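In this text, all values refer to a predicted model and were calculated from it rather than measured experimentally. Values below: every heavy atom of this structure, side chains too, minus hydrogens, waters and symmetry copies. For reference, positions follow the sequence shown, starting with 1. Indexing begins at 1, ligand by ligand and atom by atom, following the structure's order.
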Amino acid sequence: MSFELDAERIAAENRKGLGPLEDDYAHLGRQLARRGVDIEALTKRAMAFRVSVPSWGVGTGGTRFARFPGPGEPRNVFEKLEDCEVVFKLTRSTPGISLHIPWDKPDSPAELRSFAQARGLFFDSMNSNTFEDQPAQPLSYKFGSLSHTDPAVRRQAVEHNLECLELGVKLGARSHTVWIGDGGNFPGQVHTRKALERYLESLGQIYGALPEGWRLFIEHKLYEPAFYSTVINDWGVSYYCVRELGERAFSLVDLGHHAPNVNIEMIVARLIQFGKLAGFHFNDSKYGDDDLDAGSIKPFQLFLIFNELVDAELEQLPGFDPAYMLDQSHNVTDPIESLATSAVELVRAYVQAHLVDRAGLSEHQDRNDPLMALRTLKDAFTTDVGPILAMARHRAGGAIDPVATFRTSGYRAQKAKERPAEARRGAGIV
Ligand code: LRH
Ligand code: MN
């Protein structure tokens with residue numbers, strides 16, 4: 001029998017915290033009422049917020065130096081879904097799962113789809129992988145994939161993406177994300193203009209095969225694994241490509257894929273204005289593509305990004321439908337605790353962004369009163385909306401305190417028994 005974190009365990013843990021929560025919630029409600037804000041409206045928004053989790057995020061991640069697997073690691077896509085379900089049970093915000101192919105390639109797509117549906121889960125964006133070579137793969141991606149100088153390698157990479165689309169249709173997904181590591185390590189290694197032309201030609205074939213109603217997301221990244229030039233290195237080239245491809249192509253923003261101090265919330269505002277924002281791979285970072293937990297390093301930046309998103313949401317901009325996904329690597333924490341905590345941090349930034357006095361803000365902007373404009377944002381960012389987030393989880397059947405509930409459940413220890421560790425030395429993000 002596979003151990004499950006059942007509703008009774010969550011309810012039992014919630015009973016310990018409900019009294020204090022109701023106090024805090026009532027107090028915050030009175031405070032917000034004085035600001036003309038209805039706490040119940042915000043709680044509804046918190047209950048409606050959705051973010052998808054990456055299947056590759058429930059296993060312990062690593063770096064190029066090492067990976068230190070934790071106990072009870074998921075060994076296959078079904079066990080990954082079991083753990084994703086736990087994140088959903090605790091937060092009630094994460095029913096969507098983003099799969100990575102071939103890491104999650106099922107023998108029976110129908111079996112995997114019903115396994116997910118039985119747990120209230122669905123499949124969000126598919127992800128292809130032409131940044132590593134698979135066993136018995138005819139041609140190597142060492143020198144690139146969709147932009148490779150050899151048309152046969154490009155063909156192989158396109159074929160893999162078409163396979164992902166086909167599988168995604170069987171799984172009920174509605175979008176496909178393409179990130180490639182193509183680029184060079186030395187000046188002169190790659191002809192910058194020709195590489196982009198080859199990439200666009202390849203991507204055009206993938207775009208041309210998009211199933212009915214699907215969207216194609218392309219993900220830019222400044223560097224790594226290439227350390228001198230990257231073919232799709234920033235939002236500018238991504239935006240150029242999605243415009244060239246057509247109306248169903250969009251630019252996905254992975255927060256860790258930018259140089260330090262880049263103003264990501266401005267890139268988000270631009271892509272919203274241009275109608276080409278695909279959505280996000282949320283995470284956080286101090287230096288490079290560190291894939292740390294969302295909101296753990298730069299919570300104010302996360303808030304400012306949601307400030308742009310909520311501004312567009314409230315304006316009901318046509319076609320504004322961003323896909324929210326986490327993309328993290330949990331090297332030293334329990335992946336379930338990190339994913340649950342990160343989902344909570346996203347709901348926090350979203351609810352705080354809905355607390356912004358937008359009429360007041362635009363008045364301060366029109367009157368060029370920078371201090372009052374900043375203060376208007378800070379008033380929202382410095383409001384502890386914790387009681388709203390916990391009440392939203394509680395009302396949706398989730399955990400008032402997800403991490404405490406997970407730890408009390410003993411789920412990880414049970415999985416350590418059920419899933420004997422596989423001796424696997426190695427490094428890398430998964
Ligand atoms: C690349 C990336 C991409 C995924 C991979 C797991 O850094 O962000 O989104 O395919 O991580
Ligand atoms: Mn990513």
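Ligand 1 has no atom lying under 4.0 Å from any heavy atom of Asn127.
Looking only at its N/O/S atoms, Asp254 has OD2 as the one nearest to the Mn ion (ligand 2). Atom ND1 is the N/O/S atom of His281 found closest to the Mn ion (ligand 2). In Asp327, the N, O or S atom that comes nearest to the Mn ion (ligand 2) is OD2. Looking at Glu219, its N, O or S atom nearest to the Mn ion (ligand 2) turns out to be OE2.
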Starting from the C-alpha separation in whole Å, work towards a yes-or-no answer on side-chain contact (heavy atoms from CB on, under 4.5 Å) for Asp83 and Leu339.
CA-CA 10 Å; Asp83 293 358; Leu339 287 168; over 6 Å; no
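If you look at Asp289 next to ligand 1, the close heavy atoms, those under 4.0 Å, all belong to the side chain. With a 4.0 Å cut-off on non-hydrogen atoms, Glu224 does not touch ligand 1 at all. Counting heavy atoms closer than 4.0 Å to ligand 1, residue Asp327 contributes side-chain atoms (C-beta onward) but none from N, CA, C or O.
Note that the NE2 atom of His160 and the OH atom of Tyr141 stand 6.5 Å from one another [nearest 0.5 Å]. In this structure, the separation between CE on Met266 and CG on Leu304 is 12.5 Å, given to the nearest 0.5 Å. Interatomic distance, CG of Asn129 versus CD1 of Ile101, reported as 9.5 Å (0.5 Å rounding). Separation of atoms CG (Leu81) and CG (Asp104) is listed at 8.0 Å; rounding is to 0.5 Å.
Atoms of ligand 1 found under 4.0 Å from any heavy atom of Glu219, numbered from 1 in the order shown, are 2 (C), 3 (C), 8 (O), 9 (O). Close approach to His100 involves these atoms of ligand 1, each under 4.0 Å from a residue heavy atom: 4 (C), 6 (C), 10 (O). Atoms of ligand 1 lying under 4.0 Å from any heavy atom of His281, numbered from 1 in the order shown and given with element: 9 (O).
For His257, every N, O or S atom stays at 2.8 Å or more from the Mn ion (ligand 2). The Mn ion (ligand 2) lies at 2.8 Å or more from every N, O or S atom belonging to Asp291.
Salt-bridge formation is detected for the pair Arg407/Glu337: a Lys NZ or Arg NE/NH1/NH2 atom is positioned less than 4.0 Å from an Asp or Glu carboxylate oxygen. Salt-bridge formation is not detected for the pair Arg198/Asp182: no Lys NZ or Arg NE/NH1/NH2 atom is positioned less than 4.0 Å from an Asp or Glu carboxylate oxygen.
Remark: ligand 1 and Asp254 share an N or O pair separated by less than 3.5 Å (distance only, no angle test). Taking distance alone, with nitrogen or oxygen atoms compared against 3.5 Å, Trp56 stays at or beyond that limit from ligand 1. For ligand 1, the polar-atom distance check against Asp291 finds no nitrogen or oxygen pair separated by under 3.5 Å.
Side-chain contact between Leu90 and Arg393: absent, with no pair of heavy atoms (C-beta onward) separated by less than 4.5 Å.
With Lys221 as the fixed residue, the salt bridge (Lys or Arg N to Asp or Glu O under 4.0 Å) test singles out one of Asp327, Asp289, Asp254: Asp289.
Under the 3.5 Å distance criterion, with hydrogens and angles disregarded, no donor-acceptor pair is assigned to the side chains of Arg419 and Asn76.
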